[in-house]
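Side chains included, hydrogens not; waters and symmetry mates left out as well; all remaining heavy atoms used.
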Amino acid sequence: MKLPLLASLLIATHVASAVPDRQIVPLWPQGAPGSEARKNEPEKINASGSNVSNIHHPSLLVYLPPKEKATGCAVIVAPGGGHRNLAIQHEGYNVGEWLAAHGVAAFVLTYRLARDEDTPPGAPQPYTIEGTALADAQRAIRIVRTRAAEWHVNPSAVGIIGFSAGGEVAALAAMRPEAAKPDATDPIDRQNARPDFQGLIYPGQSGKIIPEKGAPPVFLACGYGDRKDISEGLAEVYLRFKQAEVPAELHIYAGVGHGFGVRDSNKGPAAAWIVRFHEWLADRKFLGDAKM
C-alpha cells in the first residue's frame, strides 16, 4: 500500500521527488495567486516521509485506475495535519492508491497551509483556510473537470474527500462552490468548482459545517474515541444535513480515535471505512452510470 520514498531526499524536497512515477499537476503553472515569488521554493518532507510542509506551489498528484477498471468517478483527496503540515502518507498517497486500484481516479491535493510549521516563529502566516486553502481546492476541482476527457473522468462525478483539517477544506469547497466563469481568460475558470459529492473523515471545526438545501451528498466517518467536537460533533453534522434534506451517511467506529486514515496497521471495522465509502459512491450512482 505504501509508495517508496527516497530516504536521502528528506528535507527541502518536492513531492515529485518522493513519488517519481506519478504525474504532478501544478494548480497554477506560473505560480498560485499571491505565491508567485515562492513557487520554486521546495517543499519539506519529514524524516519518515509521512508529512509535507512549506507548500507554496500547490499541486495535484495523479492516481489513475487501469482503463479496464475505470468507473469515471474522480476524487480530490485533501490530507489533514492541523494546517501545519499534510499527513501525506496515510491521508494522501495510501488513499489515492486504494481508490485507483478500485476504479476511482484520485488526485492528492497539496494545498497551502494556514499554520505552516516552517513559518518562522513570530512571523505572520501568509495563507488562510477560507482564502488560499479553499481557493486551492476549488482550482483542483476545476482542473479535473477541464481534463476529464484526458483522464477518462465523468465531469459530473467529481468529488472531494478530506481528513481532519483537510475535512475543513473539503467542507468549505462544498459550502462555497464557485460557479463557472464562461468569459474567463483562463479556460480552467470556465468550469464550475462545485464538488458533486463530499467525504468528510473526522473533519475539524465541525460546528462550522452548515449545509444548505441542495448541497452535495456527504459521507461522514470518525472514531468514537476522537475528541468531543468530532466524535459527537459529527453526529450533529449528520443531523444538519438531514434537516437540510441532503443525502448523508454516517459511520462512527468504536475502538478508534483520530487520524486512522488508510494504513496497513489499521484493524477492525474502522480499517474498512474506505470500502464503505466506495460502496456509498456506487449507491449514489457515481461509479460508471453516466457516460464519460
Side-chain angles (χ1 to χ4, degrees), residues 1 46 48 50-53 75-96 98-99 108-109 111 113-115 117 129-130 133 137 159-175 197-211 215-244 246-281:
M1 181 179 294
N46 71 342
S48 67
S50 60
N51 290 334
V52 177
S53 58
V75 179
I76 312 296
V77 180
H83 303 288
R84 295 181 297 274
N85 54 53
L86 296 183
I88 201 73
Q89 186 75 58
H90 69 284
E91 294 174 357
Y93 303 153
N94 293 352
V95 178
W98 192 98
L99 289 172
V108 177
L109 173 64
Y111 55 92
L113 299 166
R115 306 182 192 114
E117 63 188 10
I129 300 169
E130 298 189 10
I160 187 168
I161 187 170
F163 301 79
S164 193
E168 296 177 45
V169 176
L172 280 170
M175 288 189 292
F197 57 85
Q198 54 184 314
L200 307 181
I201 313 303
Y202 43 84
Q205 299 290 318
S206 64
K208 294 183 178 181
I209 302 173
I210 310 295
V218 65
F219 177 93
L220 305 163
C222 70
Y224 179 90
D226 210 332
R227 62 181 193 253
K228 185 175 180 178
D229 66 301
I230 296 176
S231 59
E232 297 182 17
L234 209 60
E236 296 170 355
V237 169
Y238 167 81
L239 291 175
R240 290 198 287 272
F241 275 98
K242 186 76 164 61
Q243 290 159 2
V246 176
E249 182 165 313
L250 170 64
H251 297 261
I252 300 178
Y253 293 100
V256 68
H258 193 71
F260 45 88
V262 174
R263 310 172 190 254
D264 288 332
S265 59
N266 284 353
K267 306 295 181 184
W273 74 264
I274 197 167
V275 179
R276 305 287 84 80
F277 175 63
H278 190 267
E279 292 169 346
W280 177 80
L281 290 174

[X]: which residues meet the side chain to side chain contact (heavy atoms under 4.5 Å, CB included) condition with it, sequence neighbours left out?
X: P269; result: Y253
X: E232; result: K228
X: A78; result: Y111
X: A271; result: N266

>> Quick check: do L86 and S53 have side-chain heavy atoms less than 4.5 Å from each other?
In response: no
Check: F197 and L281 side chains under 4.5 Å, non-hydrogen atoms: yes
If the condition is side chain to side chain donor-acceptor pair (under 3.5 Å), which residues does [X] pass it with, not counting sequence neighbours?
X: H251; value: E249
X: Y202; value: E91
X: S206; value: none
X: R227; value: D229

What are the two closest non-hydrogen atoms of [X] and [Y], and how far apart are they?
X: A235; Y: I252; result: CB-CD1, 4.5 Å
X: G257; Y: F260; result: O-CD2, 3.4 Å
X: V256; Y: A270; result: CG1-CB, 3.9 Å
X: P79; Y: G92; result: CG-CA, 4.1 Å
X: A244; Y: P211; result: CB-O, 3.9 Å

Rounded to the nearest 0.5 Å, what separation is found between the [atom1] atom of [X] and the [atom2] atom of [Y]?
X: N51; Y: N85; atom1: CG; atom2: CG; value: 4.0 Å
X: Y93; Y: I88; atom1: OH; atom2: CD1; value: 5.0 Å
X: R263; Y: H90; atom1: CZ; atom2: NE2; value: 4.0 Å
X: L200; Y: L250; atom1: CG; atom2: CG; value: 11.0 Å
X: I129; Y: K208; atom1: CD1; atom2: NZ; value: 7.0 Å
X: L234; Y: I209; atom1: CG; atom2: CD1; value: 6.5 Å

Can you give each donor-acceptor pair under 3.5 Å made by side-chain atoms of residues 160-172, sequence neighbours left out, with the distance rounded to 0.1 Å?
{"unit_1": "S164", "atom_1": "OG", "unit_2": "H258", "atom_2": "NE2", "d": "2.9"}
{"unit_1": "E168", "atom_1": "OE1", "unit_2": "H83", "atom_2": "NE2", "d": "3.3"}

_Looking at N46 and S50, would you say the former's side chain and the latter's main chain have a donor-acceptor pair under 3.5 Å?_
yes
Salt bridge (Lys or Arg N to Asp or Glu O under 4.0 Å) filter on E279, not counting sequence neighbours, yields R276
The complete set of salt bridge (Lys or Arg N to Asp or Glu O under 4.0 Å) pairs with one or both residues in residues 234-244, sequence neighbours excluded, reads none
Sorted by chain and number, sequence neighbours left out, ring pair (Phe, Tyr, Trp, His ring centres under 6.0 Å) with F241 holds for none
Which label fits F277 and W273: parallel for a plane angle under 30°, tilted from 30 to 60°, or perpendicular past 60°?
tilted
Going through the checks in order, is the side-chain contact (heavy atoms from CB on, under 4.5 Å) test met by R84 and L113? CA-CA 6 Å; R84 295 181 297 274; L113 299 166; over 6 Å; no
